[in-house]
Amino acid sequence: MRDNCFDNFDYQLIHVCKQTGARAGILKTPHGEIKTPIFMPVGTNSAVKTLTGDQVRNTGAQIILANSYHLYLRAGTKRIKQFGGIHGWMNWDKPVLTDSGGFQVFSLAHLRKITEDGVEFRDPKDGKKHFISPEVSMEIQQDIGADIIMAFDECAPYPCDYDTAKKAMDRTHRWLERCFKAKTNPKQALFPIVQGAFFDDLRRESASVISTFEAAGYAIGGVSVGEPADVKNHFVELTAPLLPVNKPRYLMGVGTPEDLLDGIKFGVDMFDCVLPTRNARHGSFFTWDGKKNIKNKQYEDDALPLVEECNCYACRNHSRAYIRHLWRCQESTASTLLSIHNIQFLVEFSQRCRDAILTDTFGDFYQQHYKNFV
RNA sequence: GCGCCUGUCGUCAAGCGGUUAAGACCUCGGAUUGUGGUUCCGAUAUGCAUGGGUUCGAAUCCCAUCAGGCGCC
């Protein structure tokens, strides 16, 4: 094990479902506990799109994400530090996780140049050149001050050849070493990330390498990059069990309800995804029978809530007809209500998975619901 | 009763004699997974109020009828 410093973090694996091997646990952070498995909403620019902090809190979200790359470019991470870090800046007192900017190296590929030292890229808004290395990413993330920070990695595209995948993975491992050296704040936990694209041996190698780093949790990256669902599932199933049993496992960028069911079944504990908020801004909402779209005419006179048993603010207060009306009038409240619903749906969904795990019935839960989502 | 104007998809409309009748909205469907997306993609009129006529050819010209609007008795 390599050295790493993190205090105030602790993970307890509370129970493993006898039917499936799915895990229930508690992750302690400096800003509170997180009961896993958990879905984490994404707030790229230090805001969950269309929602106020109270609205996010009321969905039951236990932790939210922010993005180093975007906050570095806009707001500026020194400014955020001056405002008391991300918690003071956005007035959010629960745990926060920041992504390292590594994913943007992948998703904004046409604007960057990768070298061993780091990544040079242009701000898409003003064209200015910037440079992020593992050391810079750690500095940025320490200024932002999230509880959990992520290693600066290189996410290979899909599809990609073996050589490209291996080079990206090896570089990710070398960068990980540098991240651990550069990271100094013991109130932050640095999660390493498995890469290896879509090759079994690379995934095994990567999981093995990153497990030699002492960390408060471990992530699976490089999925949800356009690959088919069965491919993703194969690699999550392969990778998750290779990570340390006594630490939380975070599957990055994943989250439809069916993805959560699969991930949890394979032993994943944490998920994040932009889908609930993005889908909300596109009019669609999660239900136990798959996603639906509020734009559809069938909801014109529908007095029911989005989901009948749902406890979210939108469902407790408003009809489908009303939300559809707001949508058609282009009132931003429509996106807000749908975002509240979608986030709370996934948060409560992960809680129900947890309940099932604790009673050794997650296999039944999976069977009962999976088919309705796909 | 007379005169004038108008009748193109559910709606608003472009087209004003010449290949498969723009576009928008609506409707329906699809996409979206560590957020460059309140976004993107696709489908939907064998039809131009109705019936005749002119013409090689008509949504486009002519006549009649019907419907709506305006004006005048």
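Lettering follows sequence order; numbering is per chain, from 1.
- Across every strand in view, rC25(B) sits in a pair with rG10(B) that passes the Watson-Crick or G-U test at under 3.5 angstrom.
- Ionic pairing of K167(A) and D163(A) is present here: one or more N-O contacts between side-chain nitrogen and carboxylate oxygen are shorter than 4.0 angstrom.
- H282(A) and N293(A) share no side-chain donor-acceptor pair at under 3.5 Å.
- Base pairing of rG17(B) is not made with any nucleotide, judged by Watson-Crick or G-U wobble geometry with both donor-acceptor distances under 3.5 Å.
- Under the 3.5 Å distance criterion, with hydrogens and angles disregarded, no donor-acceptor pair is assigned to the side chains of Q344(A) and N311(A).
- rC72(B) and rU50(B): their C1' atoms are spaced 29 Å apart (whole Å).
- Comparing rG34(B), rG36(B), rU39(B) by their nearest atom to the side chain of Q104(A) picks out rG36(B).
- Q195(A) comes within 4.0 angstrom of a base, heavy atoms only.
- Nearest nucleotide to the side chain of W327(A), out of rG36(B), rU35(B), rU38(B): rU38(B).
- The partner of rG57(B) is absent, by the rule that a Watson-Crick or G-U pair needs both atom distances under 3.5 Å.
- Distance check on atom P: rC40(B) versus rA58(B) gives 40 Å, rounded to whole Å.
- Nucleotides rC26(B) and rC9(B) are separated by 11 Å at their C1' atoms, to the nearest Å.
- Across rU35(B), rA31(B), rC28(B), the shortest atom-to-atom separation from the side chain of H282(A) is found for rA31(B).
- Distance check on atom C1': rA59(B) versus rG15(B) gives 8 Å, rounded to whole Å.
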> Can you check side chain to side chain contact (heavy atoms under 4.5 Å, CB included) on D147(A) and F9(A), steps first, answer last?
Replying inline: CA-CA 9 Å; D147(A) 301 87; F9(A) 285 89; 4.3 Å; yes
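- Closest to the C155(A) side chain, of the nucleotides rU32(B), rU35(B), rG34(B), is rG34(B).
- The nucleotide whose nearest atom lies closest to any side-chain atom of C273(A) is, among rG36(B), rG34(B), rU27(B), rG34(B).
- Pair check for rC70(B) finds rG3(B); Watson-Crick or G-U wobble, both atom distances under 3.5 Å.
- Here the separation of rG18(B) from rU54(B), taken at their C1' atoms, is 16 Å to the nearest Å.
- Residue N296(A) places its side chain closer to rG29(B) than to any other of rU27(B), rU35(B), rG29(B).
- In the interface, the side chain of T277(A) is paired with the base of rU35(B) through a donor and an acceptor atom under 3.5 Å apart.
- A distance of about 11 Å separates the P atoms of rA21(B) and rG47(B), rounded to the whole Å.
- In textbook terms, a nucleotide whose glycosidic angle is within 90° of 0 is syn, and rG47(B) is one such case.
- Nucleotide rU44(B) forms a pair with no other nucleotide shown, judged by Watson-Crick or G-U wobble geometry with both contacts under 3.5 Å.
- Taking atom C1' on both rA49(B) and rA67(B), the two are 8 Å apart, rounded to the nearest angstrom.
- Pair check for rA64(B) finds rU50(B); Watson-Crick or G-U wobble, both atom distances under 3.5 Å.
- Here, rC62(B) and rG68(B) have their C1' atoms 23 Å apart, quoted to the whole Å.
- Applying the 3.5 Å distance criterion, the base of rG29(B) shares no donor-acceptor pair with the side chain of N293(A).
- The residues R320(A) and E300(A) are annotated as not salt-bridged, no charged nitrogen and carboxylate oxygen being separated by less than 4.0 angstrom.
- The base of rU32(B) is not paired with the side chain of R278(A) by any donor and acceptor separated by under 3.5 Å.
- Closest to the side chain of R328(A), from the set rC26(B), rG36(B), rU32(B), is rC26(B).
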